[in-house]
Amino acid sequence: MNHRNLVSINDFSKEEILRIVELAAEFENNPKPGLLNGKVIATLFFEPSTRTRLSFESAVNRLGGRIVGFTDASSSSTSKGESLKDTILTVNNYSDLIVMRHPLEGAALYASEVSSIPIVNAGDGANQHPTQTLLDLYSIKKTQGSLENMNIFLVGDLKYGRTVHSLLMAMSHFNATFNFISPPELRMPDEYKMHLDNLGLKYYEHSDFTDIISRADIVYMTRVQRERFSDPMEYEKVKNVYVLKKEMLENTKANMKVLHPLPRVNEISTDVDDSEKAYYFTQALNGVYTRQAIIASLLGLIK
Ligand code: CP
């Protein structure tokens, strides 16, 4: 296949990641309304989504492209037993690029192996969410002025949270120090810690962060991923484990920002929302510019 995909954040080199971040800023500062004229983008969402799907669709609409797709596997022929391969081969006939979210880890990789057009992974199970990561990097660069040498706190569900897995891999290009805050049941998987060990990067594991939050440049909160638990009782035990409250921000760095991929359940108290350190809704807006950069880049419309 003679095209690029974005299945894993590891598909992009450090230089390519930096280029997407730079392009996202260009799209934000100089919108390009006709860039996708004549292009059709398919959004195949086998799992629920608000931000990822709507920001992709907004990104395409604002560039003059068209959208086809489905928001729910039950409204597609998957519900009649159609295979993922047959779905992808069919949608290849109707579009120029496919954005796909799927509950199974590896589904996006498999789709990329059978597809004749670019596949963008919009989240595959607990594995990866690379477009979220690129918008997270854009958000970090915009707020901190740099991606280098950040002290980043990853809080919550580090086992099932695909956004933290992709973010760790990306930030490992930039000499980050990681603080992992999770209950024992939801620790960062060993494969990611081994990746940091191999690079000689520092990470620390904690069960609480109240006393150390003053060291953070970025506090990246995550939701406990209820849908990934096979035992509902296990979810009940950990669902309320961390709640970021406004008073916890008092002694934090002046430029510290709270990020969250959203949706939020209760892990950020709503009284944080009006703090200048709360950045998560602007982070969601940054998804539009970043996804414009990703689509334009994968379609070869911009270098
Ligand atoms: N951040 C994110 O993936 O949100 P959605 O599930 O709403 O797309």
Side-chain angles (χ1 to χ4, degrees), residues 6-9 20-21 24 41-61 67 69-75 97-105 107-108 111 119-140 142-143 152 154-171 186 218-229 235 239 244 257-268 270 272-273 278-295:
L6 178 54
V7 168
S8 158
I9 195 66
I20 294 291
V21 169
I41 306 301
T43 52
L44 310 186
F45 278 69
F46 296 86
E47 263 198 342
S49 167
T50 295
R51 274 145 295 276
T52 309
R53 186 175 67 79
L54 294 182
S55 66
F56 262 114
E57 295 188 358
S58 175
V60 170
N61 280 310
I67 294 282
F70 51 81
T71 60
D72 180 349
S74 67
S75 67
L97 178 147
I98 294 174
V99 177
M100 187 180 98
R101 171 170 288 186
H102 200 283
L104 291 181
E105 296 182 23
I119 297 287
V120 176
N121 181 5
D124 61 328
N127 186 33
Q128 286 253 336
H129 195 348
T131 70
Q132 175 71 44
T133 295
L134 290 164
L135 78 87
D136 293 342
L137 295 192
Y138 182 46
S139 300
I140 295 170
K142 260 173 85 174
T143 59
I152 181 158
L154 303 177
V155 185
D157 185 348
L158 308 186
K159 179 178 180 185
Y160 297 118
R162 56 195 173 201
T163 63
V164 291
H165 300 159
S166 299
L167 184 59
L168 177 149
M169 299 303 283
M171 287 303 289
L186 298 178
I218 295 291
V219 173
Y220 194 96
M221 299 297 297
T222 65
R223 172 180 69 91
V224 177
Q225 307 269 304
R226 178 167 47 93
E227 64 275 29
R228 313 270 176 237
F229 283 73
Y235 172 71
K239 69 177 187 183
L244 183 70
K257 291 289 180 253
V258 179
L259 302 188
H260 190 313
L262 303 176
R264 156 176 63 181
V265 181
N266 62 349
E267 58 280 355
I268 300 178
T270 52
V272 174
D273 295 356
Y279 194 72
Y280 26 93
F281 291 112
T282 308
Q283 179 188 357
L285 168 64
N286 290 338
V288 174
Y289 313 124
T290 310
R291 287 170 171 135
Q292 288 178 332
I294 292 165
I295 290 170

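Note that ligands are numbered from 1 as they come in the structure, with each ligand's atoms numbered from 1 the same way. As the structure is a prediction and not an experimental result, all values here were calculated from the model. Numbers here are sequence positions counted from 1.
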- Item | Sub-4.0 Å heavy-atom environment of ligand 1, residues by chain | S49, T50, R51, T52, R101, H129, Q132, P261, L262
- Item | Heavy-atom pair with the smallest gap, counting every atom of Y289 and A24 | CB-O, 3.5 Å
- Using a distance-only test with no angle check, is there a side-chain donor-acceptor pair under 3.5 angstrom linking D124 and Q128? no
- Message: Ring-plane angle category for H260 and Y280, please: parallel below 30°, perpendicular beyond 60°, tilted otherwise.
- Response: perpendicular
- Message: Can you tell me how far apart CD1 (I218) and CG (L259) are? Round to the nearest 0.5 Å.
- Response: 4.5 Å
- Message: For A122, is there any backbone N or O sitting under 3.5 Å from a side-chain donor or acceptor partner on R101?
- Response: yes
- Task: For the pair H129 (side chain) and N121 (backbone), establish whether a donor and an acceptor sit closer than 3.5 Å, ignoring hydrogens and angles.
- Result: no
